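Below is one structure, written out as structure tokens, with a few remarks after it.
Letters go in sequence order (proteins before strands), and every chain restarts at 1. Here the structure is a predicted model, which is why all the values come from computation and not from measurement. Hydrogens, waters and symmetry mates play no part in the numbers below; they use all other heavy atoms, side chains included.
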Number of protein chains: 2
Amino acid sequence: MKAISQESAVTFGDIPARLQACGIRVTAQRMQIAELLLGAPQHLSAEQITEALQGRGVEVSKATVYNTLNLFAARGLIRQLAVDDTRSWFDSNVQPHYHFHDEATGALTDVALPEVEFSRLPRIPEGMEVASLDLVIRLRPKS
Amino acid sequence: MKAISQESAVTFGDIPARLQACGIRVTAQRMQIAELLLGAPQHLSAEQITEALQGRGVEVSKATVYNTLNLFAARGLIRQLAVDDTRSWFDSNVQPHYHFHDEATGALTDVALPEVEFSRLPRIPEGMEVASLDLVIRLRPKS
DNA sequence: ATGGCTGCAAATAGTTTGCAATGAG
DNA sequence: CTCATTGCAAACTATTTGCAGCCAT
């Protein structure tokens, strides 16, 4: 638990500032959750976060994990994904991007924005505008 | 409840045959659910179906609605959508197509396949193939 | 100090399952 | 007849909420 690359050290060091910049009070649990999730682009479920933290001896409750994730999402620090019908995924990459979804394993992988280009999109209904464009490419083992 | 267009009469008349063609035994509850959902392309939640049927005096339990919807989905008669984190939507349009999602009302609208064209798609990981391509265009009132 | 956090447990929402009674073939 | 299907209630999973005590500011 002490090997810290230069990159992650810098990233992690930023976290308290990022939280405060969003008007989020810094607490031990929030730091732990933020370090886990914001250190690199990734997709985690509330359960994975709870287990990961409790596994490394951090005291945190399920309720706090959910409260914190909802707070982070409301402040734009993370994005909640609806890919799966059973659980929510929290994505630390808030830049626009798309996803691969491996149907067999449930794994989610990012697809960078420039990897997809639309040559045609539907006309948007009157008075509406696009809030976001979610693309999920579901994959299965090649037959 | 007696105005039946030629089209829907034909469509509805097909339902028992469609169920049997999928190896699904025809029962009163399954017919009711199928008529509600398969009569036209639409998106319904399990709760909407349960309420609609019970509202018109049909005896059906929540459990049977879920069992039936899961059975229909497994047999390819309908498609389950993960658009929303709270509930599942069941789509009677099993042809490939995309969706608008009105974030304010939660309403789902179909976007026909030819309305969207991709001029570039990412390289698919080794040994995998595309099972489906889910595109959700989330809409909000124009600012 | 004081109001925002936290943990716990209980409450909710959506969905699934076990089992006895019922109904389709 | 016989096994699939149904309804009910209870079980489950994911998530939210109420409340007393704790902690960042």
Side-chain angles (χ1 to χ4, degrees), chain A residues 15-34 36-37 43-55 57-75 77-91 106 108, chain B residues 15-17 19-34 36-37 43-54 57-75 77-91 106 108:
Chain A
I15 288 184
R18 289 179 67 186
L19 297 186
Q20 287 174 324
C22 295
I24 296 173
R25 184 180 290 188
V26 177
T27 69
Q29 288 82 352
R30 287 172 177 183
M31 276 299 295
Q32 294 288 339
I33 294 169
L36 194 60
L37 201 44
H43 315 96
L44 294 174
S45 66
E47 192 182 17
Q48 287 177 322
I49 293 172
T50 309
E51 284 176 358
L53 293 187
Q54 292 177 345
V58 177
E59 281 210 1
V60 70
S61 69
K62 226 174 16 165
T64 297
V65 171
Y66 277 108
N67 289 338
T68 302
L69 291 171
N70 287 336
L71 178 65
F72 285 6
R75 294 294 209 284
L77 277 171
I78 61 177
R79 188 149 77 100
Q80 190 170 180
L81 304 177
V83 170
D84 207 287
D85 256 327
T86 45
R87 51 189 164 289
S88 276
W89 293 96
F90 294 89
D91 190 341
L108 275 180
Chain B
I15 289 183
L19 298 186
Q20 288 174 324
C22 294
I24 295 173
R25 183 180 291 188
V26 177
T27 70
Q29 288 82 353
R30 288 172 178 182
M31 275 299 294
Q32 294 287 339
I33 294 169
L36 195 61
L37 200 46
H43 316 95
L44 294 174
S45 65
E47 193 182 16
Q48 288 177 321
I49 293 172
T50 308
E51 285 176 357
L53 293 187
Q54 291 178 345
V58 177
E59 281 210 0
V60 70
S61 70
K62 225 175 15 166
T64 297
V65 170
Y66 277 107
N67 289 339
T68 301
L69 291 171
N70 287 337
L71 177 64
F72 284 7
R75 294 295 210 282
L77 277 170
I78 61 176
R79 188 150 77 101
Q80 190 169 180
L81 304 177
V83 169
D84 207 288
D85 256 326
T86 46
R87 51 190 164 292
S88 276
W89 292 97
F90 294 89
D91 191 341
L108 274 180

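- With C:dT15, C:dG14, D:dG7 as the candidates, the nucleotide lying closest to the side chain of B:Glu59 is D:dG7.
- Side-chain proximity of B:Glu47 to C:dG7, C:dG3, C:dG14: nearest is C:dG14.
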Let me check something: any side-chain donor-acceptor pairs from residues 47-54 of chain B under 3.5 Å, sequence neighbours excluded? List them with distances.
residue: B:Gln48; atom: OE1; partner: B:Ser45; partner atom: N; Å: 2.9
residue: B:Thr50; atom: OG1; partner: B:Ala46; partner atom: O; Å: 2.8
residue: B:Gln54; atom: NE2; partner: B:Val60; partner atom: O; Å: 2.7

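- Following rounding to the nearest Å, A:Gln54 (CD) and C:dG7 (C1') show an atom-to-atom distance of 11 Å.
- Distances shown here put a side-chain N or O of A:Asn70 below 4.0 Å from the OP1 or OP2 atom of D:dT16.
- A close approach under 4.0 Å does occur between a side-chain nitrogen or oxygen of A:Tyr66 and OP1 or OP2 of D:dT15.
- Listed pair A:Thr27 / C:dC5 fails the phosphate criterion, with no side-chain N or O lying under 4.0 Å from OP1 or OP2.
- Here the P atom of nucleotide C:dC5 and the CG atom of A:Leu19 are 11 Å apart, to the nearest Å.
- Rounded to an integer number of Å, the gap from B:Gln20 CD to D:dA4 P is 17 Å.
- The distance from the CD1 atom of A:Ile33 to the CG atom of A:Leu44 is 11.0 Å, given to the nearest 0.5 Å.
- Side chain of B:Ala63, nearest nucleotide from C:dT6, D:dA9, C:dG3: D:dA9.
- Sequence order on DNA chain C of the closest nucleotides to A:Val60 and B:Trp89 puts A:Val60 first from the 5' end.
- For the pair A:Ile49 CD1 and D:dT15 P, the interatomic distance rounds to 11 Å; values are reported in whole Å.
- Phosphate contact (OP1/OP2 of C:dT6, side-chain N/O of A:Arg30, threshold under 4.0 Å): present.
- For the atom pair B:Ile15 CD1 and B:Leu36 CG, the distance stands at 9.5 Å (nearest 0.5 Å).
- Here the nucleotide nearest the side chain of B:Thr64, chosen from D:dG7, D:dA4, D:dT16, is D:dG7.
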Evaluate side-chain contact (heavy atoms from CB on, under 4.5 Å) for A:Gln29 paired with A:Thr68, printing each intermediate quantity in order.
CA-CA 9 Å; A:Gln29 288 82 352; A:Thr68 302; 5.6 Å; no

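- Taking atom CG of residue B:Asn67 and atom C1' of nucleotide D:dA11, one finds them 14 Å apart after rounding to whole Å.
- Take the nearest nucleotide of DNA chain C for B:Ala46 and for A:Ile24: the residue whose nucleotide is more 5' is A:Ile24.
- The phosphate of C:dT15 has neither OP1 nor OP2 within less than 4.0 Å of any side-chain N or O from B:Arg87.
- If you take CG of B:Leu71 and C1' of C:dT16, they are 15 Å apart, rounded to a whole angstrom.
- A distance of 5.5 Å separates CZ of B:Phe90 from CG of B:Asn70, quoted to the nearest 0.5 Å.
- In this structure, A:Ser88 and A:Val26 both approach DNA chain D, and ranking their closest nucleotides by distance from the 5' end singles out A:Ser88.
- Among the protein residues, B:Thr86 comes within range of the sugar-phosphate backbone only, with heavy atoms under 4.0 Å from sugar or phosphate atoms but none that close to a base.
- Taking atom CG of A:Leu44 as the reference point, atom P of D:dA14 lies 15 Å away to the nearest angstrom.
- Nearest nucleotide to the A:Gln29 side chain, out of C:dT15, C:dG7, D:dT6: C:dG7.
- Within a 6.0 Å radius of CD in B:Gln80, other residues, nucleotides and ligands contribute more than 12 heavy atoms.
- Atom CZ in B:Phe72 sits roughly 17 Å away from atom P in C:dT15 (whole-Å rounding).
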